Amino acid sequence: MHVFGLALFGFIAFFWLTYGIRVGYGAIRLPWLRNFSPAADPDCPRISLILAARDEEEKLPAALATLMEIDYPNLEVIAVDDRSNDATRRILDDYTAAHPRLRVVHVTELPPGWLGKPHGLQKAYEISTGDWLLFTDC
């Protein structure tokens, strides 16, 4: 019985050893990102970064400041004010005046059958012009 257990353990160890060698060999053959030059600005697809905010006056300025620092050349940021009761609307309007890449949608009422965030994201999607959509949160 000890011989069988030793053989089984040896087989399992051999399997994992060969598997590890195969994974290591594959990892070595992967191309490195630093070996590729970035795409030229005209070749970059348009990206619409969409976020919905409701009563986010505390977190929204920091989130918008971070999003406005993104240096992707073909980016539009669409923010949705989803029926906020605080200063979210004012904050979004102030950022829109200072940053031309930012567009704002103000949702004033929720249609029957909709939930707040999905409705706001749908409204932002409807005005987006990007080839790719990126949804984020505050």
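As the structure is a prediction and not an experimental result, all values here were calculated from the model. Throughout, numbering of the chain's residues begins at 1 and tracks the sequence.
- With a 4.5 Å cut-off on side-chain heavy atoms, Phe135 and Ser48 do not count as touching.
- Between Val105 and Asp81, the closest side-chain pair of non-hydrogen atoms is not below 4.5 Å.
- When the shell of 6.0 Å around CH2 of Trp114 is examined, it contains more than 12 heavy atoms from other residues, nucleotides or ligands.
- The closest donor-acceptor contact from the side chain of Asp131 to the backbone of Arg46 lies under 3.5 Å.
- In this structure, the side chain of Asp55 engages the main chain of Asn85 through a donor-acceptor pair within 3.5 Å.
- Side chains of Leu60 and Leu92 form a contact here, defined as non-hydrogen atoms less than 4.5 Å apart.
- There is a path of hydrophobic side-chain contacts, each under 4.5 Å, that joins Trp16 to Leu8.
- No side-chain heavy atom of Asn74 sits under 4.5 Å from any side-chain heavy atom of Asp41.
- Linking Ile, Leu, Val, Met, Phe, Trp and Tyr residues whenever their side-chain heavy atoms come within less than 4.5 Å places Leu49 and Val104 in a single cluster.
- Counting only distance, with no hydrogens or angles, the side chain of Tyr95 and the backbone of Pro61 share a donor-acceptor pair below 3.5 Å.
- Note on ring orientation: taking the six-membered ring where Trp is involved, the planes of Phe15 and Tyr19 are parallel (angle under 30°, cut-offs 30° and 60°).
- Placement of Leu134 and Val77 within a single hydrophobic cluster is found when ILVMFWY residues are connected by side-chain heavy-atom separations under 4.5 Å, directly or transitively.
- Residue Ile91 holds its CD1 atom at 9.0 Å from OG of Ser84, rounded to the nearest 0.5 Å.
- The closest side-chain heavy-atom distance from Phe36 to Pro31 is below 4.5 Å.
- One distance of note links CG of Leu102 with CE of Met68; it measures 4.5 Å at 0.5 Å rounding.
- Considering CZ of Arg54 and CZ of Arg89, their distance stands at 14.0 Å, rounded to 0.5 Å.
- With contacts defined as side-chain heavy-atom distances shorter than 4.5 Å, the pair Leu133/Ile50 qualifies.
- Side chains of Asp93 and Thr96: a donor-acceptor N/O pair is absent below 3.5 angstrom, by distance only.
- Within a 6.0 Å sphere centred on CG of Leu30, heavy atoms belonging to other residues, nucleotides or ligands number more than 12.
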Review point. For Leu75 and Ile70, what are the C-alpha separation, side-chain angles and deciding distance, and is it a side chain to side chain contact (heavy atoms under 4.5 Å, CB included)?
Key: CA-CA 8 Å; Leu75 174 73; Ile70 296 173; 3.8 Å; yes
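- A distance of 11.5 Å separates CG in Leu6 from CZ in Phe4, rounded to the nearest 0.5 Å.
- Under a 3.5 Å cut-off, the side chain of Thr88 and the backbone N or O of Glu56 do form a donor-acceptor pair.
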Can you give me every donor-acceptor pair (side chain of residues 116-124, partner residue at least two apart or in another chain, under 3.5 Å) with its distance?
unit_1, atom_1, unit_2, atom_2, d
Lys117, NZ, Asp137, OD1, 3.3
Lys117, NZ, Asp137, OD2, 3.3
Gln122, NE2, Glu126, OE2, 3.1

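- Distance alone, capped at 3.5 Å, is enough to place a donor-acceptor pair between the Asp86 side chain and the Glu57 backbone.
- Checked for salt-bridge contact, Glu76 and Arg103 meet the test: a charged N lies under 4.0 Å from a carboxylate O.
- Hydrophobic clustering (side-chain heavy atoms under 4.5 Å, transitive across Ile, Leu, Val, Met, Phe, Trp, Tyr) keeps Phe14 apart from Val23.
- A heavy-atom distance below 4.5 Å is not found between the side chains of Leu51 and Val80.
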